[in-house]
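The structure under discussion appears below in the form of structure tokens.
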Amino acid sequence: MNHRHNRPARAGALKSLLAAASASAIALFAGAPAHAATPKTRVAIIVRDFGNPYWRALRDGAVAEGKKLHIPVSVQAGATETDSIGENAKISTMANEDFTCFGVVPVNATNIITPLIPVSNKHIPIINLDSGLDPAAVKAAGLTITSFIGSDNTNAGQIAGAYMLKMLHDKGNVAILQGIPGEENGINRDNAFRSTTAGKLTVVQAEAADYERSRALTEAEAMLRVHPDLNGIFAANDEMGLGAAQAIANAGKSATIKVVSIDGVKEALESVKSGKLSGTVSQYPYAEGEMAVQACHQLAMGKSIPAHVTAPIKLITPQNAAKALKSFPRPFFTFTDPFGTP
Amino acid sequence: MTNRVGVMLRDPGFWGDNAALIGLVVIGAVFSVLTPFFLTWANISDLLVSASILLVLATAQQFSIVTGGIDLSIAANLPWAAVVFGLAYNGGLGMPVSIIAAILAGTLVGVVNGLVIAKLKVNDFIATLGMLGVMNGVALIVSGGQSFAVNSHFLQGLALGSIGPIRYFYLIAILIAAGAHLLFTHTAFGTHVLATGGNRDAARNMGIPTDRMKIAVYVIDGALVGLAAILLVARTGGSDPSLQTSQLLTSIASVVLGGSSLFGGRAAVLGTVAGALVLTTLLNGFTLLQVSEYYQPMAVGIVVIAAAVLSRLQK
């Protein structure tokens with residue numbers, strides 16, 4: 001992994017590694033940032049895992065905003081993208097601490113509802129981030145979700161579809177690399193891409209590569225062999241898009257086969273800039289993390305927040321990739337931040 | 001006190017036999033000093049609830065490991081049984097029938113594992129690795145690749161409810177572990193299973209039906225995974241066909257931590273319980289201390305290796 005930028009955790013990480021044996025050093029790590037403006041506010045953010053740069057960006061945004069607003073923010077995650085039990089355990093552990101606000105990214109539409117019930121019963125605000133919980137299950141459990149902050153994945157799929165149509169001049173054969181079967185965001189991206197390109201592009205094959213680059217590389221290699229007339233590949237996330245672009249480069253077909261993906265992780269932006277990846281629809285998990293902490297801050301000050309906040313997205317092409325990289329992980333364009341402190 | 005510690009230190013067998021339990025006490029003591037949130041009843045209770053699914057899975061794993069086997073198919077059997085349970089309940093079959101369906105679904109995988117291993121003489125690792133793939137696919141096909149909500153007041157009560165201060169979740173897990181412990185220590189069946197694991201040829205010469213023992217442990221293993229799936233659906237509010245690899249790895253780690261030999265013949269159910277609690281306690285304490293997620297698997301790995309080294313001192 002050569003592309004681990006923007007990670008303030010690294011210096012701290014090394015330090016703590018050296019001090020791992022010393023109990024006092026661990027205790028220091030546990031210390032919350034000093035002089036909080038609103039001493040009562042403590043924010044808990046729980047994401048799926050830190051293996052995916054997307055969730056790391058959300059974490060970094062939340063931590064940075066916490067520092068700015070002098071609010072202690074603790075970000076925890078499960079072990080893997082599908083670790084529903086691990087994430088669940090993190091929340092029930094944190095529910096016993098004195099957090100005043102929870103921001104949660106579920107693994108699936110229900111996995112964290114049960115441990116959040118005690119949180120909701122204590123009237124602690126819960127903000128659902130990035131991936132939506134099942135409204136019926138939330139209602140059945142008697143859970144109160146204060147707000148949802150996330151990107152519109154259907155819109156992202158539409159943008160990717162429209163861009164593919166433009167590049168292929170409204171006709172051709174495409175293949176789709178899908179995420180983890182059953183994962184909500186991936187399904188929305190996939191469906192939106194298909195409905196946008198329906199009648200013009202032919203989807204010759206669709207395979208789940210579980211959001212993993214190496215799986216996508218293997219799948220894409222097979223697709224290239226089976227469909228020599230392939231014109232484009234749509235990948236439901238950047239990791240898979242980068243894998244597909246690699247397979248195409250290995251086959252020496254970069255000039256003829258277009259790859260579009262979604263997420264806007266740094267490596268994907270660099271790949272778009274260098275022309276290997278044709279484009280990515282960038283979401284801004286960093287901004288989602290910032291907005292989550294801003295929302296918690298507003299709630300702590302007694303203000304109300306909107307029930308649904310759409311995080312910004314943007315199509316990144318070779319034309320604007322350099323600009324996008326320059327302001328990464330923040331958006332390079334202005335967007336409406338309902339919390340007023342962009 | 002120092003004298004007693006000295007006696008302990010001089011007896012390597014003590015360390016080997018109780019590595020997980022000693023680890024649990026030491027880790028618990030360290031966390032108690034480092035964070036005021038650790039040693040509260042609410043947190044301990046939550047820790048036990050968090051450990052419950054792992055406890056059942058580790059007990060299941062214990063059965064295959066006792067015979068010198070290993071069950072890799074747990075990672076797929078668990079979501080498979082969860083999907084069967086969810087589909088049965090959402091299909092209107094009612095809770096009791098759905099519970100039976102989940103346990104049967106898990107058992108079915110155990111039966112296939114056992115038959116392939118005992119009758120077709122396929123190595124445990126390979127057979128269960130194969131079933132891992134097969135059941136992952138079957139779970140995805142049956143569920144249409146979708147996770148879905150399973151809304152039930154019974155399940156919510158199971159996940160959050162308690163008898164007095166004792167939560168149902170870990171009560172179930174403890175009863176299962178206690179049952180397994182008694183099975184190994186107080187029944188002829190347990191003795192035969194241990195003999196099969198210890199020295200298969202000798203056991204066969206003594207007239208123990210070793211093939212049937214091998215099938216039996218995988219059947220029990222599978223049934224317990226089916227039961228764990230019910231707990232999983234109760235806790236996560238739905239059925240998700242995704243592989244549960246982290247549960248598989250921690251279940252094996254728990255058994256090894258507990259002092260059972262991967263070569264079979266030795267069952268340490270109480271050690272396995274302590275092992276599962278050590279692994280859950282580490283994650284719980286690290287979460288409370290806000291130690292970065294990056295160090296958590298590292299710490300778990302170090303603990304597993306340390307326990308394996310200690311268990312070489314076993315009597």
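Just so you know, these numbers come straight off a predicted model, no measurement behind them. Quick note: numbers below take in every heavy atom, side chains included, and nothing from hydrogens, waters or symmetry partners. A note on names: the letters A, B, ... follow the listed sequences, proteins ahead of strands, and every chain is numbered from 1.
Heavy-atom pairs under 4.5 Å with chain B peak, among A:Ile117, A:Asp49, A:Ile113, A:Thr80, at A:Ile117. The most heavy-atom pairs under 4.5 Å with chain B, out of A:Asp83, A:Ile85, A:Thr82, come from A:Ile85. Ranking A:Asn88, A:Ile187, A:Val107, A:Asp210 against chain B, the residue ahead of the rest is A:Asn88, based on heavy-atom pairs under 4.5 Å. The candidate with the highest count of non-hydrogen atom pairs below 4.5 Å against chain A, out of B:Thr40, B:Leu160, B:Val33, is B:Leu160. Note on A:Ala136, A:Ala77, A:Ala79, A:Ala140: by heavy-atom pairs under 4.5 Å with chain B, the leading option is A:Ala77.
Of the possible polar contacts, one joining the A:Asn96 side chain to the B:Ala42 backbone as a donor-acceptor pair under 3.5 Å is found.
When heavy atoms are compared at a cutoff of 4.5 Å, A:Asp98 approaches chain B by way of both its backbone and its side chain. For A:Ala208, no part lies under 4.5 angstrom from a heavy atom of chain B. Residue A:Pro106 does not touch chain B at all, counting heavy-atom pairs closer than 4.5 Å. Within the 4.5 angstrom heavy-atom criterion, only side-chain atoms of B:Ser242, from C-beta onward, approach chain A. B:Asn151 touches chain A through its side chain: at least one heavy atom from C-beta onward sits under 4.5 Å away, while N, CA, C and O do not. For chain A, the nearby part of B:Ser246 is the side chain; its heavy atoms alone come within less than 4.5 Å. B:Leu47 does not touch chain A: none of its heavy atoms, backbone or side chain, sits under 4.5 Å away. Only the side chain of A:Asp134 comes within less than 4.5 Å of a heavy atom in chain B; its backbone stays farther off. Heavy-atom distances place the side chain of A:Ile180, and not its backbone, under 4.5 Å from chain B. If you measure heavy-atom distances from A:Val75 to chain B, you find no contacts under 4.5 Å at all.
For the residue pair B:Arg235 and A:Ser84, no side-chain donor N or O sits within less than 3.5 Å of a side-chain acceptor on the partner. A donor and an acceptor atom, one from each side chain of B:Asp46 and A:Thr93, are located under 3.5 Å apart.
In terms of heavy atoms, A:Thr114 sits closest to B:Ala234 at OG1-O, 3.4 Å. Pairing each heavy atom of A:Ala141 with each of B:Gln156, the nearest pair is CA-OE1, 3.5 Å. B:Thr287 and A:Gln76 make their closest contact through O-NE2, 3.6 Å (heavy atoms, listed as atom of the first residue, atom of the second, distance).
Residue B:Asn43 holds its CG atom at 8.0 Å from CD of A:Glu97, rounded to the nearest 0.5 Å.
Within the 4.5 Å cutoff, no side-chain heavy atoms of B:Ser147 are placed close to those of A:Thr110.
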